[in-house]
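Down below is the structure, laid out as structure tokens.
When reading the values below, keep in mind they use all heavy atoms of this one structure, side chains included, and skip hydrogens, waters and symmetry mates. Predicted model, so just to flag it, every value in this text is computed and none were measured. A, B, ... follow the sequence lines: proteins, then strands. Residue 1 opens every chain.
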Number of protein chains: 2
Amino acid sequence: MTQSIKDQKEVTREVNEKLIIDAAEQIFALYGFKGATTDRISKQASLPKANVHYYFKTKSNLYREVLHRILDDWMEAAEDFDTHPDPKSALTNYVISKMKFSRNRPYASKVWANEVLHGAKIAGEFFQNELQGWVQDRTKIVNDWIQQGKIKAVDPETLFFMIWATTQHYADFSKQLEILNDGKAFTDEQYQQKTQQVVRLVLNAVGIE
Amino acid sequence: MTQSIKDQKEVTREVNEKLIIDAAEQIFALYGFKGATTDRISKQASLPKANVHYYFKTKSNLYREVLHRILDDWMEAAEDFDTHPDPKSALTNYVISKMKFSRNRPYASKVWANEVLHGAKIAGEFFQNELQGWVQDRTKIVNDWIQQGKIKAVDPETLFFMIWATTQHYADFSKQLEILNDGKAFTDEQYQQKTQQVVRLVLNAVGIE
DNA sequence: GTCTATACGTTGATAGAC
DNA sequence: GTCTATCAACGTATAGAC
């Protein structure tokens with residue numbers, strides 16, 4: 001008997017928690033941690049403020065959850081690098097994947113940038129190991145390519161940092177791009193073209209083509 | 001008679017205003033606009049909180065002044081691009097200049113990133129024209145290089161965006177670099193080497209060398 | 001599980017003595 | 001021009017009715 005009721009409640013909980021996390025991601029991105037108020041988040045989620053505290057207890061907890069989800073999604077993009085053996089495909093697909101993330105999840109990118117900018121006080125606790133491991137593994141791959149003469153001799157860490165910086169900039173500094181684009185946000189077609197240009201610059205940088 | 005007194009007061013004012021702006025740049029960088037309190041800024045400047053309001057009236061005013069100074073300094077770095085006629089020197093010196101700025105003025109870079117990240121609500125009012133003009137002029141120069149066959153055909157805007165993104169990332173995401181560097185900040189020597197790597201990647205990207 | 005009303009702490013800003 | 005004391009506004013969090 002209680003099973004179906006419990007299920008119903010759990011569904012409600014899951015739905016509302018997702019509503020709140022989605023809303024929080026956007027509000028944290030737009031206003032920063034301190035600037036974001038639980039009141040604004042609740043309004044964005046179309047729920048009473050008290051419910052936000054009911055589900056997540058504190059604003060800091062909610063923020064931590066938002067960061068966790070972003071890191072998971074960020075890691076997923078790495079697959080597009082790993083599943084292609086040759087440098088041209090791997091780099092091309094990775095850059096495209098990162099550019100798509102900036103396009104589809106601009107708030108996520110901004111929340112992350114904001115967090116690292118201010119010292120990664122919260123995220124630092126849990127993303128340290130993942131980041132180091134990720135870079136170590138891919139550094140090996142890039143160094144192999146260099147030894148096999150497939151790409152020019154470049155510092156792998158600097159290369160990845162450049163790819164992250166450039167692709168994430170399209171989300172984090174979108175306002176600056178908008179200003180340069182006569183105040184208008186990029187159309188899908190414009191964004192596609194910019195993506196191709198970034199791919200070309202990255203391939204050039206390692207001497208492919 | 002009052003001349004010398006007035007001079008003295010003006011000197012005091014200038015000294016204190018600079019103290020406060022320096023402190024504010026750091027506190028805004030570390031905590032964001034909302035997270036930065038006038039109390040913390042005043043303590044950082046070793047002055048009573050009331051003096052901050054005496055000199056700048058409001059926190060928003062002070063923030064605006066901080067942004068103005070940053071934009072001025074940012075524009076100055078462009079000289080290292082303009083004073084060299086050939087692409088290799090111009091790009092090399094510009095990248096080095098931008099990397100130096102990230103090293104010497106990390107707080108300035110972070111305040112700017114934070115401002116643009118959250119929609120450039122304040123800076124947008126005054127940096128729109130300067131940015132558009134800056135990019136238009138340099139786009140011409142890059143296109144000339146392309147037509148003269150001095151560099152590969154790349155989109156100038158994407159190129160500049162990549163240079164800004166990468167060089168500013170060394171300030172804005174310094175925490176992430178620190179984590180990858182076993183928790184230690186870069187030494188001057190390490191930073192020099194990274195700078196050389198970035199220069200190489202940028203030159204490769206446009207097909208020089 | 002939902003929501004209104006409220007307590008409590010923090011912060012921007014100022015009044016007024018020096 | 002400097003600084004202490006103070007206030008009003010706001011925001012987090014919760015108590016308690018439904």
Side-chain angles (χ1 to χ4, degrees), chain A residues 1-21 23-24 26-67 114 118 121-122, chain B residues 1-21 23-67 111 114 118 121-122:
Chain A
M1 55 108 225
T2 54
Q3 193 57 38
S4 67
I5 292 171
K6 197 184 167 195
D7 283 351
Q8 182 54 45
K9 283 189 181 175
E10 278 187 6
V11 169
T12 305
R13 168 171 279 273
E14 274 175 33
V15 168
N16 282 350
E17 283 187 351
K18 187 177 177 337
L19 269 178
I20 294 168
I21 288 183
Q26 181 172 347
I27 301 302
F28 282 132
L30 291 174
Y31 303 100
F33 177 74
K34 260 281 185 180
T37 64
T38 51
D39 187 54
R40 241 193 283 244
I41 292 170
S42 70
K43 284 196 174 74
Q44 179 70 28
S46 303
L47 288 171
K49 186 172 67 162
N51 289 31
V52 173
H53 285 95
Y54 171 71
Y55 284 116
F56 294 93
K57 198 72 182 171
T58 67
K59 180 178 161 183
S60 293
N61 269 351
L62 173 55
Y63 181 63
R64 197 173 277 113
E65 297 279 340
V66 170
L67 286 178
N114 191 63
H118 299 318
K121 293 185 185 71
I122 306 299
Chain B
M1 54 110 226
T2 55
Q3 193 58 39
S4 67
I5 291 170
K6 196 182 167 196
D7 284 351
Q8 181 52 45
K9 283 189 180 175
E10 278 186 8
V11 168
T12 305
R13 168 170 277 272
E14 274 176 32
V15 168
N16 283 350
E17 283 187 351
K18 188 176 177 337
L19 268 176
I20 294 168
I21 288 183
E25 183 175 285
Q26 181 172 347
I27 302 302
F28 282 130
L30 291 174
Y31 303 99
F33 177 74
K34 260 283 185 180
T37 63
T38 50
D39 188 52
R40 241 195 281 245
I41 292 170
S42 70
K43 283 196 174 75
Q44 180 70 30
S46 303
L47 287 171
K49 185 174 69 159
N51 289 31
V52 173
H53 285 95
Y54 171 70
Y55 283 116
F56 294 92
K57 198 73 182 169
T58 67
K59 180 178 161 183
S60 293
N61 268 351
L62 173 55
Y63 181 63
R64 197 172 278 113
E65 298 279 339
V66 169
L67 286 178
V111 170
N114 191 63
H118 300 319
K121 293 186 185 72
I122 306 298

>> Less than 6.0 angstrom from the centroid, inside 45 degrees of the normal: does Lys59(A) satisfy that with respect to the ring of Phe28(A)?
In response: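 Here Lys59(A) fails the 6.0 Å and 45° test against Phe28(A).
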> Looking at side-chain heavy atoms only, is the closest gap between Phe33(A) and Lys34(B) below 4.5 Å?
Replying inline: no
>> Less than 4.5 Å apart, side chain to side chain, heavy atoms only: is that true for Leu47(B) and Val52(B)?
In response: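 A side-chain contact is absent here, since even the closest heavy-atom pair is not under 4.5 Å.
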>> Tell me every residue that passes side chain to side chain contact (heavy atoms under 4.5 Å, CB included) with Asn61(B), counting only those two or more places apart in sequence or in another chain.
In response: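 Side chain to side chain contact (heavy atoms under 4.5 Å, CB included) check on Asn61(B) returns Lys57(B), Thr58(B), Arg64(B).
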> Just the endpoints, please: which first and last nucleotides of DNA chain D, 5' to 3', lie under 4.0 Å from a heavy atom of chain A?
Replying inline: dG11(D) to dT14(D)
> Where along residues 32-44 of chain B does a heavy atom fall under 4.0 Å from DNA chain C?
Replying inline: Ala36(B), Thr37(B), Thr38(B)
>> According to side chain to side chain donor-acceptor pair (under 3.5 Å), who are the partners of Lys18(A), at least two apart in sequence or on a separate chain?
In response: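 Applying side chain to side chain donor-acceptor pair (under 3.5 Å) to Lys18(A) gives Asp22(A).
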Work out which heavy atom in [X] is nearest to a heavy atom in [Y]; give both atom names and the distance.
| X | Y | value |
| --- | --- | --- |
| Ile41(B) | Ile20(B) | CG2-O, 4.1 Å |
| His118(B) | Lys121(B) | O-NZ, 2.8 Å |
| Ala24(B) | Val66(B) | CB-CG2, 3.8 Å |

> Near DNA chain D, which residues from residues 47-58 of chain B have a heavy atom under 4.0 Å away?
Replying inline: Pro48(B), Ala50(B), Asn51(B), Tyr54(B), Tyr55(B)
>> Show me the pairs that pass side-chain hydrogen bond (donor to acceptor under 3.5 Å, both in side chains) and involve residues 35-46 of chain B, at least two apart or across chains.
In response: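 Every side-chain hydrogen bond (donor to acceptor under 3.5 Å, both in side chains) pair that includes a residue of residues 35-46 of chain B, provided the two are not neighbours, is Gln26(B)-Gln44(B), Asp39(B)-Lys43(B).
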>> What's the separation between atom CD1 in Ile21(B) and atom CG in Leu67(B), rounded to the nearest 0.5 Å?
In response: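 Result: 10.5 Å between the selected atoms.
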> With a 4.0 Å cut-off on heavy atoms, is Asn16(B) in touch with a base, just the backbone sugar-phosphate, or nothing at all?
Replying inline: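 Sugar-phosphate contact only - Asn16(B) comes under 4.0 Å of backbone atoms but never of a base.
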